[in-house]
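A quick write-up on the structure given underneath.
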2 protein chains.
Amino acid sequence: MAEALGFRDVKAGILDRIRGGDWPPGTRIPNEVELAETLGCARATVSRAMRELADDGVLDRRRRAGTWVATSPVRQARIEIPLVRAEVEATGARYRYALVSRDRMAAPNWLRARLGLPEGCPVLHLACAHFADDFPFQYEDRWINLSAVSAAARADFAAEGPNEWLVANVPLSEAEIAFSAVAADAEVAANLSLAPGEPVFLCERTTRLDGEAITLARLHFGRGYRMTTVL
Amino acid sequence: MAEALGFRDVKAGILDRIRGGDWPPGTRIPNEVELAETLGCARATVSRAMRELADDGVLDRRRRAGTWVATSPVRQARIEIPLVRAEVEATGARYRYALVSRDRMAAPNWLRARLGLPEGCPVLHLACAHFADDFPFQYEDRWINLSAVSAAARADFAAEGPNEWLVANVPLSEAEIAFSAVAADAEVAANLSLAPGEPVFLCERTTRLDGEAITLARLHFGRGYRMTTVL
DNA sequence: AAAGTGGTTATGTCTATTCAAATACAGTCC
DNA sequence: GGACTGTATTTGAATAGACATAACCACTTT
């Protein structure tokens, strides 16, 4: 009969019944044991399928209570945040990187407040341009905390972007990401070939290691950029 | 010694060794059996820990080959996309909804092309305003394919936003989401109390059921909106 | 040398069993 | 009636064992 029913099949079966209208949002669906029996597989298989669907926000589960089809799909989208190089090359364009400026300084107050740095903390400020077939693709405003990553002071970032350098030289860490729309200031406009005031898609990423700020990246994307995902 | 080592502990242990620099990016890490032995737990526990870390983009796994610390870590972020009401109320503000306009028409060409609709396809066009404490929070430009969701023609959307109605009345479906920054046109500016041309954070969501387009939502967010996530 | 073959190995998955944790519900006590 | 408590139920998680699958590798064949 049912040969080797895998957790993917179980997931698909549950989704089919939801999509088909058998189990509208809010429905309480059969428990793990029942489903396992009707489908002819082990409870662990159903459990994994249900757990993953709950992770995706499709199901709501509560112990002792049961499992329901989620009513408010507080759905999570997974967005991929590739390295700029990979993102550009994925479109078939040629990637080019250029260092615009590189300055060592004491952290300005807004940066200290934002990253929680002590007064006079040495930082490296980089401005980088990323091109796709010589069209400006991204303008990167990068700040690196030198008291946390002193090795960065000895890197010149002429050939390699700071992101690639950091990924290769600093161990994995926590990050906070924010997306917003801002108006291009003079500097951003000049580097992205925009008129000042044009809307710019901005990705700000703060990276920490054990709570200590490593770097702040402000990635300004060129005109017409869309960040897309499916779910 | 190590009593009841759970998959969370294993995950934390692996992350610690990565963060601590023991296993820099690119390192091949011990296989499941070895790790299970050294940690004193079952292979399935290590397996789940490693699988979840691979899902998060922290590890790369290949059958027969082994498991490596990912060289480009911050690969994917999960962003939550709640209903507007929940998003507003989470900030402590009072949520208010208002229907700005509601028109039934044949789908315009740009919409037909975008959603793959036949000529003359009936659609419902809604413009909705969402407020947080009477400040404009989001302006929603919504198109609903009436040949797929005919019941929508009988809903007036005066008290309830189309998103909430759709979530409750149309079964789960696939969605495509795109984020971008655009300049406010006259209509958007008026509804968000902005000056025309100001940058607006735009979320466009296309929803399909078995390939048939259900709805297109263009969600324009008010000034200063930031979509944030941690990972 | 090129192409195919089979074995080895690491991950992927399923089963069966057991225990743990959370909690809705009923029943008890004041 | 209202607060507390115990128990049954359901999910959560760990274990051991088995088999499946993909891929690398050495070896054989052509």
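In what follows, every chain begins at residue 1, and chains take the letters A, B, ... in the order their sequences are listed.
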Side chain of B/N31: nearest nucleotide among C/dT18, C/dA10, D/dT10? C/dA10
What residues, two or more places apart in sequence or in another chain, satisfy side chain to side chain donor-acceptor pair (under 3.5 Å) together with A/R43? A/E32
A/W23: partners by side-chain contact (heavy atoms from CB on, under 4.5 Å), with sequence neighbours left out: A/I14, A/R17, A/I18, A/T27, A/I29, A/P30, A/V69
Look only at the side chain of A/R48 and the backbone of A/G6, and say whether a donor-acceptor pair between them is shorter than 3.5 Å. no
In whole Å, I'd like the distance from the CG atom of A/D60 to the P atom of D/dT11. 13 Å
Grab the NZ-P distance between A/K11 and C/dT13 for me, whole Å please. 10 Å
Determine: side-chain N/O of A/R48 to OP1/OP2 of C/dT13, distance under 4.0 Å, yes or no. yes
Pairing residues for A/R96 by the salt bridge (charged side-chain N to carboxylate O under 4.0 Å, His left out) criterion, not counting sequence neighbours: A/D134
Which whole-number value in Å describes the distance from B/R43 CZ to C/dA10 C1'? 8 Å
To the nearest angstrom, the CD-C1' distance between A/E32 and C/dC19 comes to 15 Å
Examine D/dA13: is either OP1 or OP2 under 4.0 Å from a nitrogen or oxygen in the side chain of A/S47? Give yes or no. no
Return no unless some side-chain N or O of B/T67 is found under 4.0 Å from OP1 or OP2 of C/dA10. no
Please state how far atom CZ in B/F7 lies from atom P in D/dA16, giving the value in whole angstrom units. 17 Å
Tell me whether the rings of B/F137 and B/Y225 are parallel (<30°), tilted (30 to 60°) or perpendicular (>60°). perpendicular
Show me, pair by pair, the donor-acceptor contacts under 3.5 angstrom made by side chains of residues 210-218 of chain A, not counting sequence neighbours?
residue	atom	partner	partner atom	Å
A/T215	OG1	A/R142	NH1	3.1
A/T215	OG1	A/W143	O	2.8
A/R218	NE	A/D141	OD2	3.4
A/R218	NH1	A/E204	OE2	2.8

Hits for ring-ring contact (aromatic ring centres under 6.0 Å, His included) against B/W165, two or more places apart or cross-chain, chain-then-number order -> B/F157
Residues in ring-ring contact (aromatic ring centres under 6.0 Å, His included) with A/F131, at least two apart? none
Of the listed nucleotides C/dT13, D/dT11, D/dT10, the one nearest the side chain of B/R51: C/dT13
How would you list, by chain and number, every residue that makes a ring-ring contact (aromatic ring centres under 6.0 Å, His included) with A/F7, sequence neighbours excluded? none
Take atom CD1 of A/I29 and atom P of D/dT10, then tell me their distance rounded to the nearest Å. 13 Å
Phosphate-side-chain proximity, B/R8 and D/dA13, N/O vs OP1/OP2 below 4.0 Å: yes
Measure the angle between the two terminal helix axes of the helix from C/dA1-D/dT30 to C/dC30-D/dG1, five base pairs each, and quote it to 10°. 10°
Below 3.5 Å is the cut-off: list the nitrogen or oxygen pairs between protein and nucleotides 24-26 of chain D, distance only.
residue	atom	partner	partner atom	Å
D/dC24	O4'	B/R64	NE	3.4

Rounded distance in Å - CZ (A/R28) to C1' (D/dT11): 11 Å
Inspect the contact between A/R205 and A/E176 and indicate whether a charged nitrogen and a carboxylate oxygen are less than 4.0 angstrom apart. no
Phosphate OP1/OP2 of D/dT15 contacted by B/T45 side-chain N/O (<4.0 Å): yes
Between D/dT10, C/dT15, C/dT18, which one does the side chain of A/A42 approach most closely? C/dT15
Measure from CZ on B/R61 to P on D/dA23 and round the result to the nearest Å. 15 Å
Between A/A44 and A/G66, whichever has its closest DNA chain D nucleotide further toward 5' is A/G66
